[in-house]
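As the structure is a computational prediction, the values presented were derived from the model and not from experiment.
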Amino acid sequence: MRTRSVPSLMLLLALGACRTAGSGPASTPPEQAALRAPSPSPDELPAPEASVGDLEVAFERAAEAIAPSVVSITNEQDAASQVPPWMRPFSPKGEVKGLGSGVIIDERGYILTNNHVVADAQELKVRLSDDRELHAEVVGTDPKTDLAVIRVRATGLQAAPLSDVAQLRVGQWVLAVGSPFGLRRTVTAGIVSAVGRGSMGITDYGDFIQTDAAINRGNSGGPLIDLRGRVVGINTAIFSPNGSSTGIGFAIPSTMARVVKEQLIAHGRVRRGWLGVVMGELDPVLSDSFSYEGEHGVLIDDVDPTGPGHAAGIRAGDIVMTLDGQEVRDMANFRNTVAQAGPEAAVQLQLWRDGRAMPLKVVLGALPGTPDAAPVRTAPPEAANTRQPLGLTLEDPDDRLRRRLGLAKGGAVVRSVEAGSVAEEAGLHRGDVVVQVAGEHTPSAADGQQRLANADLDQGVRIRVQRGPYGRFVVLRRQPSP
């Protein structure tokens, strides 16, 4: 199980009720499956009843519809593989077992689950709803979304439908199904707390559904369903100080899961679209500096000269307003949409440039196999509410630095940044190179220093800074004294 520290909470992937050493079973033998009539297909279920008195019936129907499609997954590994090589001679012998969940998505035996449920497995075992235990093979994994597809060879399987979550609403009832702490056939109820949770640090590509339906260790890979038994998400992680549910859980939306599972089944891997740009979040100060009045969008901080965005004419300082007619909410939303479009896809962008909107068509490339296309930066913090000095000293770059950064002429190197100054608040570092002030090229350190000295820092001045191979926009601004 992986963890990530957050203020006062712990982000946990909901994998495994426990890990136990030894070759014996981790729990008592499962109970015999009860004899009952065949479960209804989710497509046969009516829409949820409007009456509050019928809500219980809606829960029962949804739980019964999804039950045959939910499986329990055991990941068996050699205990020695869990410790560093130099400790393996002293490590305990036997097996380590991790527990997770999954959902059958194809009657041919394909099961959708989390990558972290099946990672590093020496053997995978799947227990079906009718208590058959089968060996499973890995079809493909995608660590960037924490999704995986595995397969069992069996007949009589019932696949669960993946719903379109475009209309998923905050406040809508949902059920989380799986094997928390190894307790199979567990169903918990809650509501959709939020949608579109990106940049959570859980995965590289995230657009999570947040729910207060209880999700615990072992729920990973299990389905989050609506009251018609349709899968709206794959349960993945929780915020928790103690490893148990505290009412904040996250699921990968079914729209993303569908795209990934189709590629994993067809190719065993995922190919993603690539634009080749460095993105920045827009804050009100940056928006004002570009005379941009929109509420949402993504700032293009820089453009990779080898990427498809550069070939299509995207420039640093452009603001992406829409993609294929859909509003761009933020960096995570834009990145996910480009990635899911795939290589060779032609997308239509609406850009804001020089005070007006303009259309631009781009044919996406394939995301390189090396680390993702470009670093993503966060917006610079606003200046503190005190009157601060600029606190920035510049000097001319030497020939060696020019060659390293590809500067043909001009530019001014940041020699020092004063603590507590406007420059420090904006995130400038020693060694950054200022290449523009207020949209104008900086021919020398003296020129840049003079123009910054004359700038109205109470109104703010936009500069362009190069750090390494890429540049970014920064607004130097201080708030009026209290």
Any ion pair linking [Y] and [X] (charged N to carboxylate O, less than 4.0 Å)?
X: D301; Y: R472; result: no
X: E137; Y: R153; result: yes
X: D302; Y: R464; result: yes
X: R315; Y: D354; result: yes
X: D142; Y: R272; result: yes
X: R228; Y: D226; result: no

Do [X] and [Y] have side-chain heavy atoms sitting under 4.5 Å apart?
X: T337; Y: Q326; result: no
X: L99; Y: T74; result: yes
X: I105; Y: K261; result: yes
X: Y110; Y: V149; result: yes
X: L128; Y: V71; result: yes
X: T188; Y: L175; result: no
X: V328; Y: H296; result: no
X: I234; Y: T113; result: no

Nearest 0.5 Å, what's the [atom1]-[atom2] distance between [X] and [Y]?
X: T255; Y: L162; atom1: OG1; atom2: CG; result: 9.5 Å
X: F290; Y: L282; atom1: CZ; atom2: CG; result: 8.0 Å
X: N219; Y: S101; atom1: CG; atom2: OG; result: 5.5 Å
X: D447; Y: E440; atom1: CG; atom2: CD; result: 9.5 Å
X: L476; Y: S421; atom1: CG; atom2: OG; result: 9.0 Å
X: M358; Y: Q350; atom1: CE; atom2: CD; result: 9.0 Å

Is there a donor-acceptor contact under 3.5 Å from the side chain of [X] to the main chain of [Y]?
X: S254; Y: S163; result: yes
X: D330; Y: N333; result: yes
X: R478; Y: D458; result: no
X: N235; Y: P223; result: yes
X: E344; Y: L364; result: no
X: T442; Y: S444; result: no
X: N114; Y: V117; result: no

**Message:** Using side-chain contact (heavy atoms from CB on, under 4.5 Å), reason through H135 and E123 one step at a time and then give a plain yes or no.
**Reply:** CA-CA 8 Å; H135 170 76; E123 184 175 4; 3.9 Å; yes

**Asked** So among R329, R197, R335, which one has a salt bridge (charged side-chain N to carboxylate O under 4.0 Å, His left out) with D207?
**Response** R329

Write down the atom of [X], the atom of [Y], and the distance for their closest heavy-atom approach.
X: W352; Y: S291; result: CZ2-O, 3.1 Å
X: L452; Y: I463; result: CD2-CG2, 4.0 Å
X: D212; Y: S193; result: N-OG, 3.4 Å

**Item:** Audit row: L394, V414, side-chain contact (heavy atoms from CB on, under 4.5 Å) steps and yes/no
**Value:** CA-CA 5 Å; L394 303 176; V414 175; 3.9 Å; yes

**Message:** For a side-chain contact (heavy atoms from CB on, under 4.5 Å) check, start with the C-alpha distance between V433 and V465, then their side-chain angles and the critical distance, and finish with the verdict.
**Reply:** CA-CA 5 Å; V433 179; V465 176; 5.9 Å; no

**Item:** Stepwise side-chain contact (heavy atoms from CB on, under 4.5 Å) check, E424 with H429
**Value:** CA-CA 7 Å; E424 185 189 54; H429 296 168; over 6 Å; no

**Message:** With side-chain contact (heavy atoms from CB on, under 4.5 Å) as the test, pick out the partner of L224 among V174, L168, T236.
**Reply:** V174

